[in-house]
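Report on one structure; see the data block that follows.
Labels below follow one simple rule: chain letters A, B, ... track the order of the sequence lines, proteins then strands, and each chain is numbered from 1. The structure presented is a predicted model; accordingly, all values stated were derived computationally and were not measured.
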Number of protein chains: 2
Amino acid sequence: MATIRDVAKLAGVSVSTVSRVLNKNGYVHTETENKVADAIQRLDYEPNAVARGLANQKTMTLALILPDITNPYFPLLSKAVENVARAYGYSVILCNADDHLGEPKSYIELLRQAYIGGIIFATHALEPQDIDYLNKHQIPFVVLDRAPTRQYSVVRSRNYEGAKLAVRHLLDSGCRQIAHIYGPPEIFTASERRQGYMDSVQAYDWYRPELMVPGDFQLEGGMEAAKQLMERHPDIDGIFAGNDLMAVGALKALLRMGIKVPEQVAICGFDGIFLTEVIEPELTTIAQPIYEMGALAVKILLGKIAGSDDLDQVHELEVSLVVRQSTKRGKLE
Amino acid sequence: MATIRDVAKLAGVSVSTVSRVLNKNGYVHTETENKVADAIQRLDYEPNAVARGLANQKTMTLALILPDITNPYFPLLSKAVENVARAYGYSVILCNADDHLGEPKSYIELLRQAYIGGIIFATHALEPQDIDYLNKHQIPFVVLDRAPTRQYSVVRSRNYEGAKLAVRHLLDSGCRQIAHIYGPPEIFTASERRQGYMDSVQAYDWYRPELMVPGDFQLEGGMEAAKQLMERHPDIDGIFAGNDLMAVGALKALLRMGIKVPEQVAICGFDGIFLTEVIEPELTTIAQPIYEMGALAVKILLGKIAGSDDLDQVHELEVSLVVRQSTKRGKLE
DNA sequence: TTGAAAGCGCTAACAT
DNA sequence: ATGTTAGCGCTTTCAA
């Protein structure tokens with residue numbers, strides 16, 4: 001493999017000159033630049049990433065930390081991150097946080113000593129002490145799905161408004177008794193969606209707190225919640241689930257109970273994952289721009305790495321109602 | 001951040017001694033070892049991965065190259081890879097090959113100049129010239145889902161036998177006219193499964209070549225193929241799809257056509273992805289041990305990195321029939 | 001505008 | 001058993 005020294009020798013210049021043309025900094029005569037470019041070409045030279053990393057104390061690698069890549073929300077997100085990162089010359093290291101919770105060395109320390117360029121957190125297992133560590137060591141990072149804050153950059157979407165959109169749509173579809181399956185309270189987005197539901201239905205006389213039941217943001221939780229809901233409140237005719245996975249679970253449970261969707265009960269989810277288009281009937285959902293969120297997170301991160309300190313701290317993206325079979329009850333439309 | 005020099009100074013020894021205790025090679029007096037260990041502890045020292053990489057011409061990073069992480073087969077695979085790799089101290093870089101097909105610099109060259117430890121290929125876009133390049137530059141690698149070969153290590157599963165298992169199960173379930181939706185011929189596993197189907201049904205008088213229709217290993221292909229199949233051959237009562245995604249597509253198409261599954265047509269897929277448990281009715285499938293395949297691939301790769309040259313070249317894992325609703329026709333069981 | 005040389009933090013001969 | 005030192009390949013002062 002050719003090194004910068006080989007190039008320098010062949011071009012008849014010093015390594016520092018080669019380095020200058022490589023990094024396009026410092027003054028370099030056009031003529032020598034051409035000689036260098038020529039030598040680079042002829043040797044098929046490619047600067048070594050590791051050596052660069054060592055000299056710069058910083059590598060062209062980003063880390064994406066997420067709870068679990070097998071959760072259907074994350075493949076598209078990680079694809080976006082990888083795509084955009086690569087477009088800018090960065091590689092991305094994948095970290096399934098849930099699988100390594102009890103480990104002695106935290107991801108962050110490991111990444112730091114590997115001179116990682118920056119980190120995207122799509123996990124909820126980010127502790128205040130981690131934030132301190134990141135700040136103390138000046139590691140650029142971006143967080144997804146957190147509360148608006150000035151502490152760090154956040155990429156998120158309009159969960160509250162999305163939930164209102166869902167309820168309104170269910171109402172418009174002719175539902176008169178809408179239940180909600182909410183996600184884990186410690187997950188901020190789950191609470192926002194729940195709040196959106198509450199504020200939308202509170203004024204109706206049919207509303208009772210029992211119409212809100214907890215789920216776990218997983219398939220199973222959605223199934224159980226829906227089952228319980230229908231057993232206790234057979235007159236429910238609409239379910240708004242806090243995420244698509246639970247919505248699919250709810251659908252599954254209803255089908256098994258012989259309840260027709262959307263005729264007897266309409267279902268609306270949240271997220272807009274691929275799964276909603278796979279099942280039958282297809283699921284109406286409040287779609288987040290998942291790919292865009294990942295792409296934006298990378299761009300913000302790269303901006304931070306480049307030193308821009310004035311990046312907006314909170315980036316809130318719009319959600320959109322995607323109407324599909326699971327809420328088509330032929331009413332009012 | 002503490003460096004090896006700081007440790008050496010604090011312990012009152014030289015850097016090479018510290019290096020020796022770090023890497024547990026060379027002789028070192030127990031007493032001095034303790035002093036060093038103590039200094040490491042007190043400084044909270046952690047050897048720098050990048051510097052190590054540069055000195056060794058090799059980093060503790062693996063690459064996983066797959067077609068597209070949003071294909072539901074790959075999240076579990078990549079989780080396995082990441083888990084096992086990390087257990088051995090390695091990080092893994094994710095590469096969506098399909099998204100970067102037209103790019104000038106190939107992944108492999110990029111990875112090489114980043115001193116990658118090794119590569120796992122779960123993509124089919126691996127050309128002979130890539131193999132040459134890898135061998136020439138002595139980059140350890142393992143390939144998934146390829147034909148048995150002596151050229152390189154392969155991790156795969158019994159596709160042929162699995163297909164036979166599928167057909168036999170469909171037959172046992174009372175099917176008398178079984179169609180097959182096969183995957184892209186350039187994908188070797190697809191051909192093997194197709195061959196298994198052919199060899200299983202050829203002897204039956206109901207068999208006709210038209211019962212085999214092409215799919216694309218995606219949802220859409222499965223839908224279209226199933227639709228076409230049922231329109232042209234309404235007496236089909238069983239479908240064996242070359243993978244789960246197409247099986248799910250087939251199910252979707254049949255449901256839309258008002259055809260009952262499994263009562264009128266039974267469906268069996270192949271792979272054992274999560275999706276098969278999510279849909280309703282749940283899908284019978286020939287399950288590959290996806291996690292184990294990923295885990296094994298890493299272990300073989302690490303073995304190669306460590307220098308073992310005598311690793312078996314082909315690792316073929318067993319598949320298993322997972323019977324679910326989509327083939328429960330109440331016959332013969 | 002260009003070059004010499006000192007790192008970046010670690011490993012591994014080679015010496016002692 | 002331990003230390004000295006020359007790299008690994010690149011960046012970046014500092015001089016010229």
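Among the heavy atoms of the strands, none lies under 4.0 Å from B:Val50. B:Thr17 comes within contact range of the sugar-phosphate backbone alone, with a heavy-atom separation under 4.0 Å but no base atom that close.
Each of D:dT11, D:dT13, D:dG7 was ranked by its minimum atom distance to the side chain of A:Arg20; first place goes to D:dT13.
In this structure, A:His124 and A:Arg146 have side chains that are in contact, with non-hydrogen atoms separated by less than 4.5 Å.
Here the side chain of B:Asn56 pairs no donor or acceptor atom with the backbone of B:Lys58 at under 3.5 angstrom. A donor-acceptor pair is defined here as one N or O able to donate and one able to accept, closer than 3.5 Å; no such pair exists between the side chain of B:Asp44 and the backbone of B:Arg42.
Toward the 5′ end of DNA chain D lies the nearest nucleotide of B:Gly12, the other residue of the pair B:Ala51 and B:Gly12 mapping further downstream. Positionally, the nearest nucleotide of DNA chain C for A:Glu31 lies more toward the 5' end than for the other of A:Glu31 and B:Leu22. Nearest-nucleotide positions on DNA chain D place B:Arg5 closer to the 5' end than the other of B:Arg5 and B:Asn56. The residue among A:Gly26 and B:Tyr45 whose nearest nucleotide of DNA chain C lies closer to the 5′ end is A:Gly26.
The side chain of A:Asn48 contributes no N or O atom lying less than 4.0 Å from OP1 or OP2 of D:dC8. Note on B:Ser14: every side-chain N or O is 4.0 Å or more away from OP1 and OP2 of D:dT4. The phosphate of D:dG9 has neither OP1 nor OP2 within less than 4.0 Å of any side-chain N or O from A:Thr3. Side-chain N/O atoms of B:Thr32 include one lying less than 4.0 angstrom from OP1 or OP2 on D:dT2.
Here the range on DNA chain C touched by chain B, meaning any atom under 4.0 Å from one of its heavy atoms, is C:dG9 to C:dA13.
By the 30° and 60° cut-offs, the orientation of the rings of A:Tyr107 relative to A:His100 is perpendicular.
In this structure, B:Lys105 pairs ionically with A:Glu46, as a charged nitrogen and a carboxylate oxygen lie closer than 4.0 Å.
Partner B:Tyr45 forms a side chain to side chain contact (heavy atoms under 4.5 Å, CB included) with one of B:Leu22, B:Val36, B:Asp6 and no other, that one being B:Leu22.
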